[in-house]
Number of protein chains: 2
Amino acid sequence: MARAKLKADDVFNALGDPTRRAIVHRLARGPSSVSQLAQPLGITLTGVRQHLDVLEGCGLVRTEKIGRVRTCRFDTRGLVVIETWISMQRSMWTQALDNLGDLLDQED
Amino acid sequence: MARAKLKADDVFNALGDPTRRAIVHRLARGPSSVSQLAQPLGITLTGVRQHLDVLEGCGLVRTEKIGRVRTCRFDTRGLVVIETWISMQRSMWTQALDNLGDLLDQED
DNA sequence: TCCATACTGAAGTTAAGGCTTCAGTATTAT
DNA sequence: ATAATACTGAAGCCTTAACTTCAGTATGGA
């Protein structure tokens with residue numbers, strides 16, 4: 001099944017949870033199995049699995065199951081999505097400031 | 001009262017909510033009163049107020065009350081915080097890939 | 001002065017989501 | 001073949017947080 005279009009909403013929602021942020025942070029340092037992720041987090045494998053679903057769904061993590069081990073990797077696609085969102089807000093804001101400046105220049 | 005240090009955790013948490021993202025998006029286009037924010041969102045003033053507290057607390061919005069009107073403005077400080085977090089993860093990931101490459105080169 | 005506007009704060013409701021347990025399945029090791 | 005490992009899925013618990021109502025306060029206009 002092909003992956004649906006990645007949404008900034010979903011990425012922010014995913015990173016809004018501290019445990020998921022910890023997982024991303026961990027995976028940025030290198031790949032890991034589900035068990036390895038679970039251990040330092042102090043939550044069950046099931047809990048980790050649920051977070052991985054969310055993270056995979058928004059392009060922050062990719063996973064691959066080989067044998068009985070699922071290997072999880074950092075995925076930059078999710079980051080790209082929010083980087084785009086952020087620069088969008090920034091440019092709108094700059095634009096708004098410019099417009100205000102123009103108005104002020106026109107005064108008198 | 002001075003503002004506490006801004007945390008990436010708080011900014012992501014703030015942007016994890018669709019209504020708050022809508023508020024930020026709106027304010028990036030220019031300042032707005034609380035009432036003006038509430039109207040298109042279809043929630044009460046009180047609801048908006050609560051979101052503004054969160055957004056102000058993490059440096060995504062600044063507000064200023066003049067007379068009976070509170071004017072809300074976009075604030076880029078919050079964005080800077082997460083931009084930093086993002087580039088941190090990216091650089092860790094790049095580093096991890098480099099290390100892997102070195103290991104592979106050493107083989108044989 | 002009287003009323004409308006613009007917001008604020010405390011308190012309650014409710015739904016979502018983060019986590020668990022438990023009972024599986026599939027894979028690897030002995 | 002047996003047992004241990006590594007994970008999965010369904011179901012439920014339970015806290016958090018997004019929202020509301022309602023009863024204010026302060027400001028601005030007629």
Side-chain angles (χ1 to χ4, degrees), chain A residues 1 4 7-27 30-75 78, chain B residues 1 4 7-27 30-75 78:
Chain A
M1 188 185 326
K7 271 221 67 199
D9 270 27
D10 295 333
V11 183
F12 280 122
N13 178 60
L15 292 175
D17 178 74
T19 304
R20 282 195 289 264
R21 245 161 9 237
I23 292 175
V24 169
H25 191 257
R26 164 71 185 75
L27 293 180
S32 170
S33 71
V34 178
S35 306
Q36 285 172 340
L37 285 176
Q39 192 217 323
L41 293 173
I43 63 177
T44 61
L45 292 187
T46 306
V48 174
R49 179 83 243 312
Q50 289 161 358
H51 285 305
L52 287 172
D53 280 342
V54 175
L55 291 167
E56 261 194 289
C58 70
L60 283 167
V61 163
R62 270 173 314 114
T63 79
E64 178 192 18
K65 190 161 186 177
I66 298 175
R68 58 186 172 177
V69 177
R70 177 174 297 276
T71 300
C72 311
R73 289 166 206 287
F74 184 69
D75 187 351
Chain B
M1 188 191 321
K7 272 218 67 201
D9 269 27
D10 296 332
V11 184
F12 279 124
N13 179 59
L15 292 175
D17 178 77
T19 304
R20 282 194 290 264
R21 238 151 28 229
I23 291 174
V24 170
H25 191 258
R26 164 71 185 75
L27 292 180
S32 170
S33 71
V34 178
S35 305
Q36 283 170 342
L37 284 176
Q39 192 217 324
L41 294 172
I43 64 177
T44 61
L45 291 187
T46 305
V48 173
R49 208 339 89 177
Q50 290 161 358
H51 285 306
L52 288 173
D53 279 343
V54 176
L55 291 167
E56 260 194 290
C58 71
L60 283 166
V61 163
R62 271 174 310 116
T63 77
E64 180 192 16
K65 189 160 184 177
I66 298 175
R68 57 185 172 179
V69 178
R70 178 175 296 277
T71 300
C72 312
R73 289 167 207 287
F74 186 67
D75 187 351

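Side chains included, hydrogens not; waters and symmetry mates left out as well; all remaining heavy atoms used. Below, chain A is the first sequence line, B the second, and so on; all start at residue 1. Everything numeric here is computed off the predicted structure, so don't read it as measured data.
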Peer 1: Distances under 3.5 Å only, N/O to N/O: pair up the protein atoms with those of nucleotides 22-26 of chain C.
Peer 2:
none

Peer 1: Could you check how far CD of B:Glu56 sits from P of C:dT8, rounded to whole Å?
Peer 2: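 B:Glu56 atom CD is separated from C:dT8 atom P by 10 Å.
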Peer 1: Starting at atom CG of B:Leu52, determine the distance to atom C1' of D:dA18, rounded to an integer number of angstrom.
Peer 2: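 The distance from CG of B:Leu52 to C1' of D:dA18 comes to 14 Å, rounded to the nearest Å.
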Peer 1: For DNA chain D, which ranges pair as stems of 3 or more consecutive Watson-Crick or G-U pairs, with both donor-acceptor distances under 3.5 Å?
Peer 2: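 DNA chain D forms these stems: C:1-30 with D:1-30.
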Peer 1: What's B:Ile43 touching, base or sugar-phosphate or nothing? Going by heavy atoms closer than 4.0 Å.
Peer 2: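 If one applies the 4.0 Å heavy-atom cut-off, B:Ile43 turns out to touch the sugar-phosphate alone, with no base involved.
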Peer 1: B:Leu45 has an atom CG; how far is it from atom P of D:dT21, in whole Å?
Peer 2: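 Nearest whole value for this atom pair: 12 Å.
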Peer 1: I need the full list of salt bridge (charged side-chain N to carboxylate O under 4.0 Å, His left out) pairs touching residues 34-47 of chain B, with sequence neighbours left out, sorted by first then second residue.
Peer 2: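 As it turns out, there is no salt bridge (charged side-chain N to carboxylate O under 4.0 Å, His left out) pair with a partner in residues 34-47 of chain B once direct neighbours are skipped.
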Peer 1: Taking 4.0 Å as the cut-off, does a side-chain nitrogen or oxygen of B:Arg49 come that near to OP1 or OP2 on C:dA6?
Peer 2: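 No, no such contact exists.
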Peer 1: Rounded to the nearest 0.5 Å, how far does CD1 of B:Ile66 lie from OG of B:Ser33?
Peer 2: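 B:Ser33 OG to B:Ile66 CD1: 12.0 Å, rounded to 0.5 Å.
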Peer 1: Round to the nearest Å and state the distance from B:Gln50 atom CD to C:dA10 atom C1'.
Peer 2: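 Going from B:Gln50 (CD) to C:dA10 (C1'), I get 10 Å.
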Peer 1: Once you round to the nearest 0.5 Å, how far does CZ of A:Arg26 lie from CD of A:Gln39?
Peer 2: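 That separation rounds to 10.0 Å.
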Peer 1: Sequence neighbours left out, what pairs pass ring-ring contact (aromatic ring centres under 6.0 Å, His included) with at least one residue falling in residues 33-75 of chain B?
Peer 2: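 Checked against ring-ring contact (aromatic ring centres under 6.0 Å, His included) - neighbours excluded - the pairs reaching residues 33-75 of chain B are A:Trp93-B:Phe74.
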Peer 1: Return the set of residues passing side-chain contact (heavy atoms from CB on, under 4.5 Å) with B:Arg73 (not counting sequence neighbours), or none when no residue passes.
Peer 2: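 Expected list: B:Pro31, B:Arg62, B:Glu64, B:Thr71.
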Peer 1: Would you list the pairs meeting side-chain hydrogen bond (donor to acceptor under 3.5 Å, both in side chains) in which at least one residue belongs to residues 10-19 of chain A, sequence neighbours left out?
Peer 2: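 Of all non-adjacent pairs touching residues 10-19 of chain A, none passes side-chain hydrogen bond (donor to acceptor under 3.5 Å, both in side chains).
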Peer 1: For A:Thr46, give me all partners under side-chain contact (heavy atoms from CB on, under 4.5 Å), at least two apart in sequence or on another chain.
Peer 2: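 Applying side-chain contact (heavy atoms from CB on, under 4.5 Å) to A:Thr46 gives A:Thr44, A:Gln50.
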Peer 1: Which residues pass the side-chain contact (heavy atoms from CB on, under 4.5 Å) test with A:Leu52, not counting sequence neighbours?
Peer 2: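 Listed in chain order: A:Ile23, A:Val34, A:Leu37, A:Val48, A:Val61, A:Cys72.
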Peer 1: What is the separation between atom CZ on A:Arg70 and atom P on C:dT27, rounded to the nearest whole Å?
Peer 2: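 Whole-Å distance recorded here is 12 Å.
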Peer 1: Tell me: CG of A:Asp53 to C1' of D:dT8, nearest whole Å?
Peer 2: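 To the nearest whole Å, that distance equals 10 Å.
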Peer 1: List in chain and number order the residues that pass salt bridge (Lys or Arg N to Asp or Glu O under 4.0 Å) with A:Arg21, two or more places apart in sequence or in another chain; answer none if no residue qualifies.
Peer 2: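 Listed in chain order: B:Asp9.
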Peer 1: Would you jot down, in residue-number order, the residues of residues 8-18 of chain B having a non-hydrogen atom under 4.0 Å from DNA chain C?
Peer 2: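 Within residues 8-18 of chain B, no residue comes under 4.0 Å of DNA chain C.
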Peer 1: Sort and list the pairs that fulfil salt bridge (charged side-chain N to carboxylate O under 4.0 Å, His left out) and have at least one residue in residues 41-51 of chain B, not counting sequence neighbours.
Peer 2: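 As it turns out, the salt bridge (charged side-chain N to carboxylate O under 4.0 Å, His left out) pairs with a partner in residues 41-51 of chain B, which skip direct neighbours, are B:Arg49-B:Asp53.
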Peer 1: Let's see if you can work this out: which of C:dT20, D:dA6, D:dA18 has an atom nearest to the side-chain heavy atoms of B:His51?
Peer 2: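 My answer, after comparing the listed nucleotides, is D:dA18.
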Peer 1: What residues form a salt bridge (Lys or Arg N to Asp or Glu O under 4.0 Å) with B:Arg20, not counting sequence neighbours?
Peer 2: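 Salt bridge (Lys or Arg N to Asp or Glu O under 4.0 Å) check on B:Arg20 returns nothing, list empty.
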Peer 1: Hey, which of these two, B:Thr44 or A:Lys65, hits DNA chain D nearer its 5' end, going by closest nucleotide?
Peer 2: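 It is A:Lys65 whose nearest nucleotide is closer to the 5' end.
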Peer 1: Using the rule side chain to side chain contact (heavy atoms under 4.5 Å, CB included), only one of B:Asp75, B:Val11, B:Val54 pairs with B:Leu60; which is it?
Peer 2: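 Only one option passes, and that is B:Val11.
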Peer 1: Using heavy-atom distances to pick each residue's nearest nucleotide on DNA chain C, tell me which of A:Arg20 and B:Thr71 is more 5'.
Peer 2: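 Residue closer to the 5' terminus by nearest nucleotide: B:Thr71.
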Peer 1: If you compare every side-chain N and O of A:Thr19 against the phosphate oxygens of C:dC19 (OP1, OP2), does one of them come in below 4.0 Å?
Peer 2: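 Answer is yes, contact under 4.0 Å.
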